[in-house]
Amino acid sequence: RETGGLADSVEQVAGKKGTGILFRDYNESGLAWAIGRALDLYEDGATWNSIVANGMAQDFSWQRQVTHYIELFRELSGLR
């Protein structure tokens, strides 16, 4: 469901681009739509493999993130 960290880290699939499936409606129809979309994508092996590769290529490591935190701390502390 499109909320919190998932909304920040998952890019909605469009063609062979994107990393996942997001849905907004927190109800049965929203979930059913997302499952149906996932099954449709899975049936197309080439598209599914592209989406998996896109997800695997994401870098959420601390090595990458730490520079964002350092900049934020510098900005907030006035050390910029």
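Along the sequence shown, the residues carry numbers beginning at 1.
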In short, salt bridge (charged side-chain N to carboxylate O under 4.0 Å, His left out) pairs touching residues 28-42 with sequence neighbours left out are none
Ile21 CD1 to Leu39 CG distance, which is reported to the nearest 0.5 Å: 8.5 Å
Just distance, no hydrogens or angles: give the donor-acceptor pairs under 3.5 Å from side chains in residues 62-69, sequence neighbours left out.
| residue | atom | partner | partner atom | Å |
| --- | --- | --- | --- | --- |
| Arg64 | NH1 | Asp59 | O | 3.0 |
| Thr67 | OG1 | Arg64 | O | 3.1 |

Kindly give the heavy-atom pair with the smallest separation between Phe23 and Ala34, and that separation in Å. CD2-CB, 3.4 Å
Answer yes if Val13 and Trp33 sit in the same cluster of Ile, Leu, Val, Met, Phe, Trp and Tyr residues linked by side chain heavy atoms under 4.5 Å apart, and no otherwise. yes
So, the side chain of Asn54 versus the backbone of Thr19: is there a donor-acceptor pair under 3.5 Å, distance only? no
Using 0.5 Å steps for rounding, measure from the CG atom of Leu31 to the OH atom of Tyr26. 10.0 Å
Residue pairs, two or more places apart or on separate chains, that pass salt bridge (charged side-chain N to carboxylate O under 4.0 Å, His left out) and touch residues 2-26: Glu2-Arg24
Can you get from Val52 to Val10 by hopping between Ile, Leu, Val, Met, Phe, Trp and Tyr side chains that sit under 4.5 Å apart? no
Is any side-chain heavy atom of Leu22 less than 4.5 Å from a side-chain heavy atom of Thr3? no
Flag if over 12 foreign heavy atoms under 6.0 Å of CZ, Phe60: yes
